[in-house]
Amino acid sequence: MALTTLGIIRLRNLFSVVILSTIYSFLMATLLLIFDAVDVALTEAAVGAGISTVLMLTVLYYTKMNEEKPRYRSVLPLIICLVVGGLLIYGTYGLPPFGAADTPIHTHISVQYLERSINETGVPNVVTSVLASYRGFDTLGEVIVVFTAAIGVLSILKRDKV
Amino acid sequence: MSFEIYHFITSYNYYIIIFLMISGLFIVVSKGNMVKKLVGLALFQTSVYILYISPGKIVGGTAPILADGYTIYSSPFPHVLILTAIVVGIATLSLGLSLVIRINEEFETIEEDELFNNELNDE
């Protein structure tokens, strides 16, 4: 995963960058599978590796395949990134250890969902029941976002000028 | 000192996330090509996915699909949030890519530097 990331940074041929990002998405889906997030892994494999790749290749078809050589040296961005990275590492000292069961994320609301969803919705997959039932309004908002994005894409790409 | 080592071992998932996050940020800030910037943005976004999902994992737990014979489940809540985030992510990505196509139609380039130069020459 780290190798593909470095490849994405270094390579100038945009086609290889897109293919590398597809590989990255599949690796990400595998990692999500290891973290027990099967639904998310499926979505990431379909959306991240499938649809994104198609969209990006379409854009490359309409535009250019190669990236120009950068005009400036990237010292300042590197410094910014290192500072942010240092701050993030400092932030990990406040976070719970990996894989423990007594952290707030497992003791607060998740327990409620896990205990009640089978009786209240009858769906064995808790992720589905939370997504479609308890947080249905969230999903509705998500649909609105996708709809807005579709309208945006159509209006940006409209050929005939008014 | 032993706390430091313990902390380092038990939070290695955060270091992976931070590495991915930083590389995404670096691409977005330093690269001039717009398609590459969007790839970097997607990279940053996926690192946030694991930032949410990895604390939800319990060692020895299983996926949150209720079945006989399992009692420990990973937390389902972050999964729901990230499912929404993935879909919103693809929406923003497609919007950005359509902007790139439009910019290329108008200015014949997808490099930021060239865009700035064109503007300077126009004035």
Side-chain angles (χ1 to χ4, degrees), chain A residues 2 5 8-9 14 17 21 28 31-32 35-40 43-44 47 51-52 55-56 59 62-64 67-68 70-71 74 77 80-81 84-85 88-89 92 95-99 101 103 105-106 109-110 113-114 118 124-127 130-131 135 138 142 145-146 149 152-153 156-157, chain B residues 7 10-14 18-23 25-27 29-30 32-33 35-36 39 42-43 46 49-50 53-59 61-67 73-77 79-80 82-84 86-88 90-95 97-102 104 110-111 113:
Chain A
T5 317
I8 290 174
I9 296 178
L14 290 175
V17 168
S21 81
M28 175 62 75
L31 193 62
L32 290 171
F35 287 146
D36 285 345
V38 278
D39 308 73
V40 187
T43 317
E44 171 69 19
V47 169
I51 302 177
S52 316
L55 287 176
M56 285 190 195
V59 170
Y62 281 115
T63 58
K64 297 176 181 62
E67 187 189 9
E68 302 292 317
R71 199 158 300 168
S74 47
I80 294 173
C81 289
V84 173
L88 285 172
I89 288 174
T92 60
L95 288 171
F98 174 70
T103 52
I105 191 170
H106 294 297
I109 199 169
S110 300
Y113 281 138
L114 284 169
I118 190 75
N125 187 339
V126 183
V127 176
V130 174
L131 190 74
R135 307 206 125 241
D138 269 13
E142 175 189 335
V145 169
V146 174
V153 170
I156 288 170
L157 292 183
Chain B
H7 175 82
T10 52
S11 52
Y12 65 95
N13 58 329
Y14 298 120
I18 287 169
F19 173 74
L20 295 176
M21 217 178 248
I22 293 301
S23 18
L25 185 69
F26 179 73
I27 296 175
V29 176
S30 69
N33 187 293
V35 176
K36 206 163 185 183
V39 172
L43 210 71
T46 43
Y49 300 165
I50 2 178
I53 296 223
S54 67
K57 165 81 177 161
I58 301 178
V59 171
T62 178
I65 299 172
L66 301 176
Y73 299 104
S74 294
S75 172
F77 193 56
H79 302 182
V80 177
I82 294 309
L83 275 177
T84 310
I86 289 179
V87 175
V88 172
I90 192 73
T92 48
L93 179 73
S94 58
L95 202 60
L97 287 173
S98 68
L99 276 173
V100 171
I101 291 185
R102 194 75 190 84
N104 187 58
I110 51 170
E111 300 284 335
D113 295 343

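Residue numbering restarts at 1 for every chain, and letters A, B, ... go by the order of the sequence lines. The basis for the numbers below is simple: all heavy atoms, side chains too, and nothing from hydrogens, waters or symmetry mates. Predicted model, so just to flag it, every value in this text is computed and none were measured.
Across B:N104, B:V35, B:V29, the residue that shares the most heavy-atom pairs under 4.5 angstrom with chain A is B:N104. For the set B:I82, B:L95, B:T92, the count of heavy-atom pairs under 4.5 angstrom toward chain A peaks at B:L95. The residue among A:V47, A:V146, A:V84, A:V59 with the most heavy atom pairs within less than 4.5 Å of chain B is A:V59. Top candidate by heavy-atom pairs under 4.5 Å with chain A, chosen from B:L25, B:V80, B:V100, B:V88, is B:V80.
Interface residue A:L32: only side-chain heavy atoms are found under 4.5 Å from chain B. When heavy atoms are compared at a cutoff of 4.5 Å, B:I22 approaches chain A by way of both its backbone and its side chain.
Here the CZ-OH distance, from B:R102 to A:Y62, works out to 13.5 Å after rounding to the nearest 0.5 Å. For the atom pair B:L43 CG and A:M28 CE, the distance stands at 7.5 Å (nearest 0.5 Å). Residue B:I53 holds its CD1 atom at 9.5 Å from CD of A:E44, rounded to the nearest 0.5 Å.
A:S52 pairs by the side chain to side chain donor-acceptor pair (under 3.5 Å) definition with nothing, not counting sequence neighbours.
At least one side-chain heavy atom of B:I90 sits under 4.5 Å from a side-chain heavy atom of A:L55. The closest side-chain heavy-atom distance from B:I101 to A:I156 is not below 4.5 Å.
Heavy atoms only, all atoms of each residue included: B:V39 and A:M56 are closest at CG2-SD, 3.7 Å. The minimum heavy-atom distance between A:E142 and B:L83, with the atom names listed, is OE2-O, 4.4 Å.
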